[in-house]
Every structure is written in C-alpha cells, then in structure tokens.
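As structure tokens, the structure follows; a few thoughts come after it.
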Amino acid sequence: MGVVALSCCLRLVCRILRLVYLVSWVARVDLTVDFFLVYTLVMIISTFVVLGLMLYAVHTKLDELESYFKENAEVRKYQERWKRNQRLNRGNRMALLINVLRTPKRSVKEGLLTEAELAAIPPALKRWAVWPYRLVMVWAVGWGYWGTWL
C-alpha cells in the first residue's frame, strides 16, 4: 500500500513539473521562480499526503497494534488515561507505540516491553507505525529548507 501511494505521489509530482515547465515555456518566465513555485506546490501536496498517512495509521493500525500489548502495563496505563476514541487521545496512544517501536532496544532496556511482545508484532505493522513518523521528519526538513529559501 505504501509503495503504491508513493508511486502515485511521484507520478503526480512529475505531472506538476511538466505542467509548470509548459506554462513557463509559453509565458517565457524565468525558471528559478518556477522551481520555487514547483517546490512550494510539492510541499503543499506532501503536507496532505503526510497528514493522510498519519491519520490512516492512527485510525486503522492503532487497535491492531494495541492488541499485541494487552498485558503490557504501560500501554494499559495510556489506554486508561486516553480512553476515549477522540482524535487527540488516539494520537497520544499512537505516539507511545511509535516511540516504543522506533527504539525497541531502549524500550526493552527500560522495561516498557519485553522481547516476546516485540517479536510478536509483524514487521509490516511495525513499518506502518514507524514510517509515517519518519516521513514527517523528512517533510519537516523540507519545510525548513523552503523557509530558508524565502
């Protein structure tokens, strides 16, 4: 699913680049301005893509992830504290699981989970929890670059 979404995004970016090049060729506008415009459009579109991936992960994968931690005291504490299924509450519970899965050795060392709990989670589910977070980091760097470009 992630590869398909990424390829669709790349095709969309290529089409936008072709459209901007065509407009610049017709209007005979300087290409440096067009490159900034294209970069801005890509960043705006990527904002919605990243937001969509994060919302998809929270709404579809959170319950499945929490089912692997039914006996874990830390996860149960978070479920009791953030028990309602509002967006903020689900996001906070997902943030704990992302933190645990992003640094599994440290989490085992601190006693947040056991090796058996960690081994029980399928690798595809781990990727769905961690990769949207990593994509957000790349997205944030991209916006930082855009801000310094101004």
Side-chain angles (χ1 to χ4, degrees), residues 1-69 72 74-75 78-79 81-110 112-113 117-150:
M1 177 84 178
V3 174
V4 173
L6 184 62
S7 68
C8 289
C9 291
L10 287 176
R11 274 190 261 140
L12 180 64
V13 167
C14 289
R15 288 181 182 158
I16 290 171
L17 286 173
R18 278 191 234 141
L19 179 65
V20 169
Y21 180 73
L22 179 64
V23 168
S24 69
W25 184 77
V26 170
R28 307 260 195 257
V29 179
D30 185 23
L31 284 178
T32 57
V33 174
D34 289 335
F35 187 69
F36 180 75
L37 176 67
V38 169
Y39 189 80
T40 302
L41 288 173
V42 167
M43 289 308 296
I44 289 170
I45 291 168
S46 69
T47 299
F48 292 109
V49 169
V50 166
L51 181 63
L53 281 174
M54 289 297 287
L55 289 175
Y56 176 78
V58 167
H59 286 288
T60 60
K61 304 298 179 181
L62 177 64
D63 295 329
E64 188 177 349
L65 266 172
E66 285 179 336
S67 70
Y68 288 99
F69 295 104
N72 189 301
E74 190 71 24
V75 173
Y78 258 70
Q79 284 176 337
R81 182 175 180 198
W82 305 101
K83 57 187 160 196
R84 287 178 281 159
N85 275 331
Q86 295 175 348
R87 187 178 305 140
L88 177 66
N89 297 345
R90 291 180 67 86
N92 284 327
R93 292 190 339 241
M94 187 70 167
L96 169 74
L97 295 175
I98 288 172
N99 189 33
V100 165
L101 294 174
R102 193 173 50 91
T103 56
K105 291 180 183 176
R106 189 187 81 190
S107 300
V108 170
K109 185 178 177 183
E110 290 178 357
L112 294 176
L113 73 156
E117 288 174 330
L118 189 61
I121 303 171
L125 190 58
K126 288 180 191 177
R127 282 191 298 269
W128 265 111
V130 175
W131 273 104
Y133 169 80
R134 291 182 179 153
L135 189 60
V136 165
M137 292 297 113
V138 171
W139 170 81
V141 168
W143 272 116
Y145 181 67
W146 182 87
T148 58
W149 195 349
L150 286 177

Under a 4.5 Å cut-off applied to non-hydrogen side-chain atoms, are Met43 and Trp139 in contact?
yes

Do other residues, nucleotides or ligands put more than 12 heavy atoms under 6.0 Å from the OH atom of Tyr39?
yes

Can you tell me if CH2 on Trp143 sees more than 12 non-hydrogen neighbours from other groups inside 6.0 Å?
yes

Run the side chain to side chain contact (heavy atoms under 4.5 Å, CB included) check on Arg134 and Ile98 step by step: do they pass?
CA-CA 10 Å; Arg134 291 182 179 153; Ile98 288 172; over 6 Å; no

Shortest non-hydrogen pair, Met54 vs Tyr133, comes out as SD-N, 4.0 Å

Mind checking what makes side-chain contact (heavy atoms from CB on, under 4.5 Å) contact with Leu55, not counting sequence neighbours?
Leu51, His59, Arg87

Interatomic distance, Glu64 atom CD to Ile121 atom CD1 [nearest 0.5 angstrom]:
10.0 Å

Considering all heavy atoms of both residues, which atom of Lys126 and which atom of Leu118 are nearest to each other, and what is their separation?
NZ-O, 3.3 Å

Using the salt bridge (Lys or Arg N to Asp or Glu O under 4.0 Å) criterion, which residues pair with Arg127? Sequence neighbours excluded.
none

Across all chains, not counting sequence neighbours, the side-chain contact (heavy atoms from CB on, under 4.5 Å) partners of Ser107 are Val100, Thr103, Leu112, Leu113

Using side chain to side chain donor-acceptor pair (under 3.5 Å) as the criterion, list what pairs up with Glu66, not counting sequence neighbours.
Gln79, Arg93

CG on Leu62 to CE on Met94, rounded to 0.5 Å:
6.0 Å

In chain order, what residues pass the side-chain contact (heavy atoms from CB on, under 4.5 Å) check against Pro122, with sequence neighbours excluded?
Tyr68, Leu125

So Trp131 and Leu53, do their side chains get closer than 4.5 Å, heavy atoms only?
no

Which residues pass the side chain to side chain donor-acceptor pair (under 3.5 Å) test with Thr40, sequence neighbours left out?
Trp146

Specify the closest pair of heavy atoms between Tyr56 and Thr60, including all atoms of both residues, with the distance to one decimal.
O-OG1, 2.6 Å

